[in-house]
2 protein chains.
Amino acid sequence: MLKYKNKKFVCHIDLGMELIRGKWKAVILCHLNDGPKRFLELQRITCGVSQKVLNEKLTELENDGLIFKTTYPEVPPRVEYELTDLGKGLFPALDLLEQWTVKNYPFDKK
Amino acid sequence: MLKYKNKKFVCHIDLGMELIRGKWKAVILCHLNDGPKRFLELQRITCGVSQKVLNEKLTELENDGLIFKTTYPEVPPRVEYELTDLGKGLFPALDLLEQWTVKNYPFDKK
DNA sequence: CCGTATCCTTAAGGATACTG
DNA sequence: CAGTATCCTTAAGGATACGG
């Protein structure tokens, strides 16, 4: 039994999965690997997930140290999200998962 | 936009994550990589998750073709779960995730 | 030992409206 | 454009009891 942030985990993979849990976190991380993205770009990538949900996920990822954001003091506001070094280290695993999926699920487009 | 089993996914990583979503699936898959396990062994590994939940997850993994089970006609019954080839192919990604977690979260034991 | 059924609680996700 | 607030629906997980 292991502990992190007052939560209990039965093993390391359990904790690792916790950090990318939810419908959108892995998707966000994968796309941020290509470079910084603005809020609206991420919303487009996620096919229009609501602002509330997208913000929730971005905040959680930031709190877990996987991404950080830069706010430019302009009008209208501009904010960019990008991976931290910790977040970049997670990419190889996500990349392998994606490759496995592409290989085994050549599924219908549209 | 991609489709699989009547569900929609925004990209491949989205589908890949869907298959290992939930509190226990990745944990089960990782431990099955060491070899076949019985129901009670898996329950012990998951620190006593309820039978209902464990069965749900095992059934979902089986339906997705990641594991299969062998039922031995004995009394008391004996059932063994193990990875399919498809499931084995997923292990490298999970293994990388675990390594990343071990490296970055050397957290408190117990 | 393994699996099912029932009931319950909480967490996740979405719709919408509003603000600087 | 980015973020917050409110409300709502559904999905996930757990407790318990029972049956082959």
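Residue numbers start from 1 in every chain, and the chains themselves are labelled A, B, ... in the order their sequence lines are given, proteins ahead of strands.
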If I take atom [atom1] in residue [X] and atom [atom2] in nucleotide [N], what distance separates them, rounded to the nearest angstrom?
X: A:Glu56; N: C:dA15; atom1: CD; atom2: P; result: 14 Å
X: B:Gln43; N: D:dG13; atom1: CD; atom2: P; result: 15 Å
X: A:Leu61; N: D:dG3; atom1: CG; atom2: P; result: 14 Å
X: A:Gln51; N: C:dT16; atom1: CD; atom2: P; result: 13 Å
X: A:Glu41; N: D:dG3; atom1: CD; atom2: P; result: 13 Å
X: A:Ile20; N: C:dA12; atom1: CD1; atom2: C1'; result: 16 Å
X: A:Leu54; N: D:dG3; atom1: CG; atom2: C1'; result: 11 Å
X: A:Arg21; N: D:dA12; atom1: CZ; atom2: C1'; result: 10 Å

Within less than 4.0 Å of OP1 or OP2 of D:dA12, is there a side-chain N or O belonging to B:Lys57?
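Negative; the distance criterion is not met.
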For D:dC1, does OP1 or OP2 lie under 4.0 Å from any side-chain N or O of A:Tyr81?
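No, no such contact exists.
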Which pair of non-hydrogen atoms, one from B:Pro77 and one from B:Arg38, has the smallest distance, and what is that distance?
O-NH2, 3.6 Å
Within the structure shown, what part of the strands sits under 4.0 Å from [X] by heavy-atom distance: base, sugar-phosphate, or nothing?
X: B:Tyr72; result: nothing
X: B:Val75; result: nothing
X: B:Val53; result: base
X: B:Lys25; result: nothing

Side chain of [X]: nearest nucleotide among [options]?
X: B:Ser50; options: D:dG3, D:dA15, C:dT16; value: D:dA15
X: A:Leu40; options: D:dC1, D:dG14, D:dG3; value: D:dC1
X: A:Arg38; options: D:dC1, D:dG13, C:dC1; value: D:dC1
X: A:Lys52; options: D:dG3, D:dC1, C:dG14; value: C:dG14

B:Lys7 atom NZ: more than 12 heavy-atom contacts under 6.0 Å
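No, because the 6.0 Å sphere around NZ of B:Lys7 holds 12 heavy atoms or fewer from other groups.
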If you measure from the Lys or Arg side-chain nitrogens to the Asp or Glu carboxylate oxygens, is any gap between B:Arg21 and B:Glu18 under 4.0 Å?
yes
Would you mind telling me which residue lines up with the more 5' stretch of DNA chain C, A:Lys7 or A:Pro77, judged by nearest nucleotide?
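Upstream on the strand: A:Lys7.
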Of B:Asn55 and A:Val49, the one whose closest DNA chain C nucleotide lies more 5'
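The residue mapped nearer the 5' terminus is B:Asn55.
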Partner of B:Leu61 under side chain to side chain contact (heavy atoms under 4.5 Å, CB included), chosen from B:Thr84, B:Ile20, B:Leu29:
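Option passing the side chain to side chain contact (heavy atoms under 4.5 Å, CB included) with B:Leu61: B:Leu29.
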Beyond-backbone contact of A:Tyr105 with B:His12, side-chain heavy atoms, under 4.5 angstrom:
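Answer no - side chains too far apart.
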Could you say whether B:Glu18 or A:Thr59 is positioned toward the 5' end of DNA chain D, judged by the nucleotide with the nearest heavy atom to each?
A:Thr59
Parallel under 30°, tilted from 30 to 60°, perpendicular over 60°: which one fits the rings of A:Tyr81 and A:Phe39?
tilted
